[in-house]
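So the structure is just underneath, and the comments pick up after that.
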Number of protein chains: 2
Amino acid sequence: MATLTRKQREIRDRSDLILRVSRELLLERGYLGLTMDRIAVASEYSKGTIYQHFRNKEEIVAALAVQTAEKRVELFRRGGTFLGSTRERMLGMGVAAEVFLRLYPDHFKAEQITRAASIREKISAERAQHLLQLEHGCVDVATAIVQDAVQAGELSLPEGVPPETVSFGLWCLTYGVFTLLVTEGRPLAELGFPEPLRLLEHNQNLLLDGHGWTPLSADHDYAAVRTRLLAEVFPEELAQLEGRA
Amino acid sequence: MATLTRKQREIRDRSDLILRVSRELLLERGYLGLTMDRIAVASEYSKGTIYQHFRNKEEIVAALAVQTAEKRVELFRRGGTFLGSTRERMLGMGVAAEVFLRLYPDHFKAEQITRAASIREKISAERAQHLLQLEHGCVDVATAIVQDAVQAGELSLPEGVPPETVSFGLWCLTYGVFTLLVTEGRPLAELGFPEPLRLLEHNQNLLLDGHGWTPLSADHDYAAVRTRLLAEVFPEELAQLEGRA
DNA sequence: AATTGGGGTTGACGGTTCGTCAAAAAATAA
DNA sequence: TTATTTTTTGACGAACCGTCAACCCCAATT
C-alpha cells in the first residue's frame, strides 16, 4: 500500500514537473517551439515517459489550460464573496477578471491556443469536458449574483430576458477585450486604446447601467469600490502586481 | 509589356486558385489537415510552385484571413451608409457584423487561427500590417459614426472619454461573442444561450443605452430598423441567408 | 548472495510534413 | 533550329510526432 501511494505521488509530481517545464518552453519558444523532445530534455525524462503521462502534445497544452481555468474560477469565486450591494459584488467579478489577466497574461495566451478547433479535436473527451465546465463555472458565479440582484429589487429584467443574458454580455465583453489584448498586444495601445483594461471597466459599468442595475454608475463611486475590492478581497494579488511594477 | 502583364495575370490567377483550394481543404480537414502536399495535388501544381507564391503555410492562411477581413470591412462600410439617425447607423454596424458571421462563419474561424502568436510570427511584416489595418478599418467606421452622434447632440461623452471608447466596447463585445460562438459551438447553445446573436443584439442595445445614445432602445423600435436595414442595405446577403435556411 | 519476475524507462525507428534545390521542362531569343 | 533564360518539378534533408521492443531496476524469493 505505502509503496503504491509513494509511486502515485511520484507520478503526480512528475506530471507537475512536465507541465511546469512545458509552460516555460511555451513562454520562451511559443507553441511551435514546444516539442516533445525539448520537453523530454528539459524535464530530464525520456520521451516515452512523457507519453505515459500525456497522450499527445495537445493534452499537455490542455492540461495547462485547465490549470489556468482553475485559477480563474477561484478568483471569480472570491470576487463574488465581497460584502456589499449586488452590483458591487458584480464589480467584484470584473476586478477578479482584471486581476487574473494581469497576473497570468501568458496563461491566458496558452489557454487561447486550445480554442483552435484542430487542437480541441485531439484532446480527450474528459479533459475537454473539464475545461468547458471550468469555463462555465465563472458564468455561473455571475449568474447567481444577477439572480440575487433581481430578488433584491436592484435589477429588473424585462419579460423573457433570462438572468444569463446579463452574465453572457459581461462575459463576452470581457473575453473580447482579453482576446484582443493578448493577440494584438502592442498594436492595440498604438491605435488609440492606451488602457484597454480601464476601457473595459468603463464599458462594463455602462452595460450594467443599460440593464438598469442600481445604483447606477452615475450615483455611486465604483472606482472607490474597486480600490476597496482590491485591498480587501485580493490583497496578496495586489501586492504581487505592485511588486512587479 | 503585353507578355509581362499576361504572365502577371496568370500568376495572380494561380494565387487565387491556390487560395481557393486551400480554403476548401481548411474547411474539409481542419488546420492540421491542410498540408502543402495536399494543396499541391488539389491545385494540380507542384509543391515548389506553391512555394513561389507563398513563403510558407502560414502565409496562405494569412492571405485567407485578409480576404475575410476585406469582406468584413466592405460590409461594415455599407452598414454605415444607412440613412437614418446616428444610432440607427450604428445599428447598421451590428447588422453588418451579424450578416458577416452568418455568411462566412468558416472564414472567421480561419481568421482566428492567425491570431495564435506562433503563427503571426511566421507571417511577413507587410501582410501582418495589412491584416491589422483592415481590422482597424471596421473600428474607424464605427468611430466616425460616434463622432457624428456627438456633433448631432444625440450622444454626449463625459470629459476625458474619447469616441473610441464607444466603438472599442462594441467591437470587443461583438468580437467576444463571435469567438465564443465559433470556438465553443454547440456547447454555447446547450448551456443556456440558445440564440447568441439575439443576445448580442440585446447587449449592444443596452451598452449604447448606457452611453445615453438617443433615442434609447426603450423609446424606439430598433427591431424594426434591423429588419429594414437587412432589406435595404443587405438585400442580396439576406436572400443568400434565407436561401440556406 | 544469487536469481527471477514484472513494472518502469528508454531512445531508436517508421511515418509525416515542411521547405529547398538541382535538374528537367518550357518559354523565349537568337 | 539552336542557345539562353525562366519556370516547374519532385526527390531530399531536417524536424517532429508517437510507438514499441529492448533494457533496467528493484523487490520478492530461493
Side-chain angles (χ1 to χ4, degrees), chain A residues 1-18 21-22 25-26 28-64 113-114 116 118-124 127, chain B residues 1-18 21-22 25-26 28-64 113-114 116 118-124 127:
Chain A
M1 293 303 113
T3 317
L4 195 67
T5 36
R6 203 204 65 208
K7 266 269 117 71
Q8 288 181 328
R9 202 170 54 237
E10 276 177 15
I11 287 179
R12 222 209 27 211
D13 287 351
R14 201 158 53 194
S15 277
D16 288 348
L17 171 66
I18 292 170
V21 159
S22 299
L25 279 171
L26 195 58
E28 279 169 28
R29 327 196 49 143
Y31 181 65
L32 294 181
L34 179 73
T35 74
M36 296 308 264
D37 286 288
R38 278 205 258 262
I39 295 173
V41 170
S43 66
E44 297 188 289
Y45 284 97
S46 76
K47 207 144 53 108
T49 301
I50 310 287
Y51 275 97
Q52 294 234 315
H53 290 262
F54 301 96
R55 197 173 308 159
N56 52 41
K57 200 171 93 165
E58 285 72 24
E59 283 282 318
I60 293 182
V61 181
L64 291 177
I113 292 169
T114 65
S118 53
I119 287 175
R120 284 255 159 141
E121 275 164 19
K122 305 184 89 186
I123 297 175
S124 74
R127 214 186 288 268
Chain B
M1 295 301 114
T3 317
L4 197 67
T5 38
R6 201 204 66 208
K7 266 267 116 71
Q8 290 180 327
R9 203 170 53 237
E10 278 177 13
I11 287 178
R12 222 208 27 208
D13 287 351
R14 200 159 52 193
S15 277
D16 288 349
L17 171 67
I18 293 171
V21 159
S22 299
L25 279 171
L26 195 57
E28 279 169 27
R29 327 194 50 140
Y31 181 65
L32 294 181
L34 178 73
T35 74
M36 297 306 264
D37 287 288
R38 278 206 257 263
I39 294 173
V41 170
S43 66
E44 297 189 291
Y45 284 98
S46 75
K47 205 145 53 110
T49 302
I50 309 288
Y51 274 97
Q52 293 233 317
H53 289 261
F54 300 96
R55 198 174 304 156
N56 52 42
K57 200 171 94 166
E58 284 74 23
E59 282 283 316
I60 294 182
V61 181
L64 291 177
I113 293 170
T114 66
S118 53
I119 287 175
R120 285 255 159 138
E121 275 164 20
K122 304 184 91 187
I123 296 175
S124 74
R127 212 185 290 269

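Note that the coordinates shown come from a computational prediction; the quantities given were computed from them, not determined experimentally. Lettering of chains follows the sequences in order, A, B, ..., and the numbering in each one begins at 1.
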Is a side-chain N or O of B/K57 found less than 3.5 angstrom from the main chain of B/L34, in a donor-acceptor match?
-> yes
Begin from the C-alpha positions of B/E121 and A/Y31 and carry the test side chain to side chain contact (heavy atoms under 4.5 Å, CB included) through to its verdict.
-> CA-CA 11 Å; B/E121 275 164 20; A/Y31 181 65; over 6 Å; no
Test A/I60 against A/I50 for side chain to side chain contact (heavy atoms under 4.5 Å, CB included), laying out the working first.
-> CA-CA 10 Å; A/I60 293 182; A/I50 310 287; 4.2 Å; yes
Through what angle, rounded to 10 degrees, does the axis of the helix from C/dA1-D/dT30 to C/dA30-D/dT1 turn between its ends, using five pairs per end?
-> 30°
Taking atom P of D/dT6 as reference, at what distance in whole Å does atom CD of B/E10 sit?
-> 16 Å
Residues passing the side chain to side chain donor-acceptor pair (under 3.5 Å) test with A/R14, sequence neighbours excluded, are A/H53
Interatomic distance, CG@A/L26 vs CG@A/L32, rounded to 0.5 Å, equals 10.0 Å
If you measure from CE on B/M36 to OG on B/S22, what distance do you get to the nearest 0.5 Å?
-> 7.5 Å
Please round to the nearest 0.5 Å and tell me the distance separating atom CD1 of B/I18 and atom CG of B/L25.
-> 12.0 Å
If every non-hydrogen atom of A/S43 is compared with every non-hydrogen atom of A/L17, which pair is closest and at what distance?
-> O-CD2, 3.7 Å
With sugar-phosphate taken as primed atoms, P, OP1 and OP2 and all else as base, the protein-contact string of nucleotides 10-20 of chain C at under 4.0 Å (heavy atoms; B, S, -) is BB-----SBBB
D/dT7 OP1/OP2 closer than 4.0 Å to side-chain N/O of B/R14 | no
